[in-house]
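Notes to accompany the following structure.
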Amino acid sequence: MASFPPPHVVEDVPGILQFFSDGTVIRAEYTYPHPPLTPPPGQPVVQWKDVVYDASHDVCKLRVYKPQAASSSSGEKLPVIVYYHGGGYIMGSFEMPCFHDCCLRLAGELPAIVISADYRLAPEHPLPAGLDDAATVLRWVRDQAVAVAVAEDADADPWLAELADFSRVFVAGDSAGGGVVHHTAVRLASGLVGRLDPVRVLGHVLLFPLFGGVERTKSELELPPGPFISLPVIDKGWRILLPPGSTRDHPFANPFGPESPAMDGLPLPPMLVVIAEYDLLCDRAADYAARLKAMGKSVELVKFDGQDHGFFSVEPYGDAGTEVVRLMKRFVYDNGGDAAVSN
């Protein structure tokens with residue numbers, strides 16, 4: 001009987017995952033710290049439930065959050081936040097306490113209906129699988145809006161039917177989720193997601209987005225490694241994510257790489273980009289915002305001094321997290337008028 005050598009480690013991302021030659025992946029259960037699962041006193045009570053948005057893939061589930069105090073009896077409906085978690089495209093889930101607590105805060109304090117979606121992860125499902133899932137989430141939201149419009153449609157989710165204002169949808173995400181937001185924005189504006197009527201996406205929020213590039217930025221060269229990311233970890237992540245033979249200038253990593261889609265002529269809605277002073281990736285996100293502004297796009301860049309990559313999901317109930325929630329609330333309610341871009 002022929003014997004085969006045991007599988008060996010192809011890529012080892014310390015504290016995150018090991019990728020073996022036979023395709024096996026071993027992930028750390030939780031890489032981010034565990035914030036308190038019980039919100040501090042005085043936080044609004046938020047209900048949540050899990051829903052499958054694509055039955056063809058086991059991981060394609062989402063979590064819907066609604067403020068308990070909200071009621072349709074007033075006739076007022078709430079904006080919808082579609083949220084994509086971080087994790088470098090290789091780990092993470094809406095079930096992780098850090099991401100769950102972020103969405104609890106957003107739902108309760110904006111207030112809003114929050115839809116936090118999982119997506120397929122690399123290396124088992126290389127990009128663009130996760131980006132395709134993100135687009136599927138928006139089509140699921142569209143299908144819900146259509147079902148709600150048909151009063152007797154049994155497919156309509158009762159929470160969304162009661163409270164969701166599908167004409168005020170915003171797409172947000174942190175770290176890799178911020179990268180998902182960028183790719184989703186480009187796909188939407190390019191018509192690659194399909195028509196979303198009666199859904200209108202009015203804005204995008206990118207929290208310390210994960211971008212890459214061959215040429216190092218000043219922050220990458222000068223800042224020390226952070227508590228959760230370092231250049232070796234980032235580089236290993238891109239090697240796992242990108243097609244074989246690709247560099248970090250691949251469109252999945254670099255929004256302005258030589259083969260990346262041009263954004264000059266795209267009808268992008270307003271964007272809020274949040275960066276952190278000690279984040280190795282802060283210069284990439286700042287450059288992203290500056291280039292889009294130079295194209296005439298509506299982009300607001302906010303820098304958090306004294307903070308590192310992932311600060312909102314690491315400490316969602318901290319002072320900086322409170323300011324993120326305030327910023328997002330202002331952005332959502334300032335961009336809900338008739339001048340918004342339709343999709």
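Keep in mind the model is a prediction, meaning the values are calculated, not measured.
Y83 and L327 fall within a single hydrophobic cluster, where Ile, Leu, Val, Met, Phe, Trp and Tyr are joined by side-chain heavy atoms under 4.5 Å apart, directly or via other members. Hydrophobic clustering (ILVMFWY, side-chain heavy atoms < 4.5 Å, transitive): L223 and L301 are in one cluster. Connection of L121 to V25 is established within a shared hydrophobic cluster, with ILVMFWY side chains joined at heavy-atom distances below 4.5 Å, either directly or through further cluster members. The hydrophobic cluster containing F94 does not contain V64, counting ILVMFWY residues as joined when their side-chain heavy atoms lie under 4.5 angstrom apart, directly or transitively. In terms of hydrophobic clustering, with Ile, Leu, Val, Met, Phe, Trp and Tyr side chains grouped at heavy-atom distances under 4.5 Å, V137 and W159 are assigned to a common cluster.
The six-membered or imidazole ring of F304 lies away from that of F312, with a centre-to-centre distance of 6.0 Å or more.
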- Task: Starting from the C-alpha separation in whole Å, work towards a yes-or-no answer on side-chain contact (heavy atoms from CB on, under 4.5 Å) for L272 and F170.
- Result: CA-CA 11 Å; L272 170 63; F170 294 80; over 6 Å; no

- Given salt bridge (charged side-chain N to carboxylate O under 4.0 Å, His left out), test R330 with E300 step by step and report yes or no. CA-CA 12 Å; R330 176 180 54 78; E300 179 182 2; 2.7 Å; yes

- Message: What verdict does the side-chain contact (heavy atoms from CB on, under 4.5 Å) test give for F252 and L242, after you've listed the backbone C-alpha separation in whole Å, the side-chain angles of each residue and the deciding distance to 0.1 Å?
- Response: CA-CA 7 Å; F252 292 156; L242 299 176; 3.8 Å; yes

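Not a single donor-acceptor pair under 3.5 Å links the side chain of Y333 to the backbone N or O of M328. Side chain of T136 to backbone of D132: a donor-acceptor contact under 3.5 angstrom is found. A distance-only check finds a donor-acceptor pair linking the side chain of Y84 to the backbone of A134 [under 3.5 Å]. D165 contributes no side-chain N or O that, together with a main-chain N or O of L78, makes up a donor-acceptor pair within less than 3.5 Å. Panel note: side chain S21, backbone H8; a donor-acceptor pair is recorded below 3.5 Å. Proximity of a side-chain donor or acceptor of R168 to a complementary backbone N or O of K77 within less than 3.5 Å is detected. The backbone N or O of E95 sits less than 3.5 Å from a side-chain atom of S93, completing a donor-acceptor pair. A donor-acceptor distance shorter than 3.5 angstrom exists from the side chain of K297 to the backbone of L266, with no hydrogens or angles considered. Looking at T247, its side chain does come within 3.5 Å of a backbone N or O of D249 through a donor-acceptor pair. In this structure a side-chain-to-backbone donor-acceptor pair under 3.5 Å is missing from S190 to R187.
Looking at K61 and D54, no side-chain N of the basic residue comes within less than 4.0 Å of a carboxylate O on the acidic one, giving no salt bridge. Ion pairing between E109 and R326 fails under the 4.0 Å rule for side-chain N and carboxylate O. Between E124 and R27 there is a salt bridge, since a side-chain N of the basic residue sits under 4.0 Å from a carboxylate O of the acidic one. Ionic pairing of D50 and R63 is present here: one or more N-O contacts between side-chain nitrogen and carboxylate oxygen are shorter than 4.0 angstrom. One finds a salt bridge joining D235 and R216 here, because a Lys/Arg side-chain nitrogen approaches an Asp/Glu carboxylate oxygen to under 4.0 Å. Between E215 and R284 there is no salt bridge, since none of the side-chain N atoms of the basic residue sits less than 4.0 Å from a carboxylate O of the acidic one.
For the pair L206/V274, no side-chain contact is recorded, criterion being any heavy-atom separation below 4.5 Å from C-beta on. The shortest distance between side-chain heavy atoms of V205 and M271 does not fall below 4.5 Å. Considering only heavy atoms from C-beta on, P269 stays 4.5 Å or farther from L202 through its side chain. L138 has its side chain within reach of V171: a pair of non-hydrogen atoms, C-beta onward, lies under 4.5 Å apart. The shortest side-chain heavy-atom distance between D157 and K49 falls under the 4.5 Å cut-off. A 4.5 Å side-chain heavy-atom check between V9 and F19 finds every atom pair outside the cut-off. Counting heavy atoms from C-beta on, the side chains of L292 and L268 come closer than 4.5 Å. Between L280 and H309, the closest side-chain pair of non-hydrogen atoms is not below 4.5 Å.
A distance of 11.5 Å separates CZ of F228 from CG of D279, quoted to the nearest 0.5 Å. Interatomic distance, CD1 of I90 versus NZ of K236, reported as 10.5 Å (0.5 Å rounding). Separating the CG atom in D287 from the SG atom in C282 is a distance of 11.5 Å, to the nearest 0.5 Å. Rounding to the nearest 0.5 Å gives a distance of 9.5 Å between CG of L221 and CG of D283.
Using cut-offs of 30° and 60° on the angle between ring planes, the pair H100 and W48 is perpendicular. Classified by interplanar angle (parallel below 30°, tilted 30° to 60°, perpendicular above 60°), the ring pair H182/F211 is perpendicular.
A search for side chain to side chain donor-acceptor pair (under 3.5 Å) contacts involving K303 returns nothing, not counting sequence neighbours. Under the side chain to side chain donor-acceptor pair (under 3.5 Å) criterion, E277 pairs with no residue, sequence neighbours left out. Remark: R248 engages no residue in a side chain to side chain donor-acceptor pair (under 3.5 Å) (not counting sequence neighbours). For Q47, the side chain to side chain donor-acceptor pair (under 3.5 Å) criterion is met by no residue, not counting sequence neighbours. In this structure D133 satisfies the salt bridge (Lys or Arg N to Asp or Glu O under 4.0 Å) test together with R120, sequence neighbours excluded.
Among residue pairs with one or both ends in residues 104-133, those qualifying as ring pair (Phe, Tyr, Trp, His ring centres under 6.0 Å) are H85-Y119; sequence neighbours excluded.
The local environment of CG in D305 is crowded, with over 12 non-hydrogen atoms from other residues, nucleotides or ligands closer than 6.0 Å. No more than 12 heavy-atom neighbours from other residues, nucleotides or ligands sit within 6.0 angstrom of CG on D319.
Taking the ring axis of F256 as reference, the NZ or CZ atom of R291 stays within 45° of it and closer than 6.0 Å to the ring centre.
Residue V169 is tested with I113, I115, V199 for a side chain to side chain contact (heavy atoms under 4.5 Å, CB included); the sole match is V199. Between L62 and the options V141, V51, V52, V82, a side chain to side chain contact (heavy atoms under 4.5 Å, CB included) holds for only V51.
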